[in-house]
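As structure tokens, the structure follows; a few thoughts come after it.
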Amino acid sequence: MNFVVPADHPCLPGHFPGRPLVPGVVVLERVLQALRAQYGEPLGLRLPQVKFLQPLLPGETARIELEPIEPDRSASKPAGAARWRFRVHRGEELLASGELVADAAARGGQAPA
């Protein structure tokens with residue numbers, strides 16, 4: 001999924017004056033929108049790992065990639081949790097990456113499809 005944060009987005013005037021950068025929280029909201037569009041509304045969602053490597057500037061096109069992670073059957077991972085790896089790119093440059101986890105317990109033990 002591609003997205004662009006326009007130069008008139010309300011988050012930009014204070015982030016940062018004279019050299020606006022798209023805040024990480026806005027990038028993550030777009031990642032969540034992409035997840036919902038592709039997989040529905042997972043409940044109990046958390047982001048246990050996120051890395052921001054490069055800034056996104058207003059008006060630049062970014063691309064979100066989502067990849068389901070196969071369930072880990074080890075004792076340290078909750079059974080039935082749905083997990084995805086995400087990457088945000090500008091062209092070939094990696095801007096952000098991380099992991100999303102939907103807690104199966106929040107859906108009565110049913111992981112999202």
Side-chain angles (χ1 to χ4, degrees):
M1 173 181 143
N2 290 339
F3 72 94
V4 175
V5 175
D8 63 351
H9 192 282
C11 73
L12 295 173
H15 204 268
F16 294 94
R19 174 125 164 82
L21 301 176
V22 176
V25 68
V26 174
V27 173
L28 292 177
E29 178 56 34
R30 298 297 174 99
V31 170
L32 294 175
Q33 288 173 1
L35 180 73
R36 290 179 191 120
Q38 194 167 351
Y39 296 98
E41 185 69 40
L43 299 177
L45 194 61
R46 43 191 184 92
L47 295 118
Q49 178 184 354
V50 176
K51 292 182 183 180
F52 293 99
L53 304 168
Q54 296 291 324
L56 179 63
L57 302 178
E60 293 182 328
T61 299
R63 181 181 78 255
I64 298 168
E65 297 174 353
L66 290 169
E67 174 187 348
I69 301 172
E70 290 299 318
D72 183 354
R73 302 296 183 205
S74 71
S76 65
K77 301 288 182 188
R83 300 169 64 212
W84 299 268
R85 185 172 292 114
F86 73 86
R87 293 177 191 86
V88 181
H89 295 268
R90 175 183 48 229
E92 295 303 313
E93 186 175 24
L94 182 63
L95 303 179
S97 64
E99 187 176 314
L100 299 145
V101 178
D103 185 7
R107 294 184 58 99
Q110 299 295 316

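Given the structure is predicted, the values throughout are model-derived calculations rather than measurements. Atom set for the values below is all heavy atoms of this structure, side chains included, hydrogens, waters and symmetry mates excluded.
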Heavy atoms only: give me the nearest G40-P42 pair and the separation to one decimal. O-CD, 2.9 Å
Test salt bridge (Lys or Arg N to Asp or Glu O under 4.0 Å) applied to E29 and R36, step by step: CA-CA 11 Å; E29 178 56 34; R36 290 179 191 120; 3.5 Å; yes
Basic-acidic side-chain contact under 4.0 Å: E70, R83: no
Point-to-point distance, once rounded to the nearest 0.5 Å, from CD of E93 to CG of L56: 10.0 Å
Are side-chain heavy atoms of L32 and L45 found at a separation under 4.5 Å? yes
For L100 and Y39: C-alpha separation, side-chain torsions, deciding distance, then whether side-chain contact (heavy atoms from CB on, under 4.5 Å) applies. CA-CA 12 Å; L100 299 145; Y39 296 98; over 6 Å; no
Any side-chain heavy-atom pair from V5 and P58 closer than 4.5 angstrom? no
One should read off an interatomic distance between F86 CZ and Q49 CD, to the nearest 0.5 angstrom, of 8.5 Å
Single-linkage hydrophobic cluster, 4.5 Å side-chain cutoff, V88 and L47 together: yes
Rounded to the nearest 0.5 Å, the CG atom of L94 sits from the CG atom of L53 at a distance of 5.0 Å
Establish whether V26 and L66 are linked, either directly or via other cluster members, by ILVMFWY side-chain heavy-atom contacts under 4.5 Å. yes
Carboxylate-amine/guanidinium proximity below 4.0 Å for E99 and R85: no
Would a 4.5 Å heavy-atom cut-off, applied to side chains only, mark E60 and V4 as touching? no
Ignoring hydrogens and angles, tell me if any N or O in the side chain of R90 forms a donor-acceptor pair with the backbone of P55 under 3.5 Å. yes
Contact between H89 and E65 at the side-chain level, heavy atoms closer than 4.5 Å - yes or no? yes
Assess whether side-chain contact (heavy atoms from CB on, under 4.5 Å) is satisfied between M1 and R63, documenting all intermediate values. CA-CA 6 Å; M1 173 181 143; R63 181 181 78 255; over 6 Å; no
Is V27 reachable from L57 through a run of I, L, V, M, F, W or Y residues, each pair having side-chain heavy atoms under 4.5 Å apart? no
Grouping I, L, V, M, F, W and Y whenever their side-chain heavy atoms are under 4.5 Å apart, do L95 and F52 come out in a common cluster? yes
Do V31 and V25 share a hydrophobic cluster, counting only Ile, Leu, Val, Met, Phe, Trp and Tyr and linking them when any side-chain heavy atoms are less than 4.5 Å apart? yes
What heavy-atom pair brings P10 and P13 nearest, and what distance separates the two atoms? O-CD, 3.4 Å
Step by step, work out the side-chain contact (heavy atoms from CB on, under 4.5 Å) result for W84 and L35. CA-CA 9 Å; W84 299 268; L35 180 73; 3.5 Å; yes
Distance from I64 atom CD1 to F3 atom CZ, nearest 0.5 Å? 5.0 Å
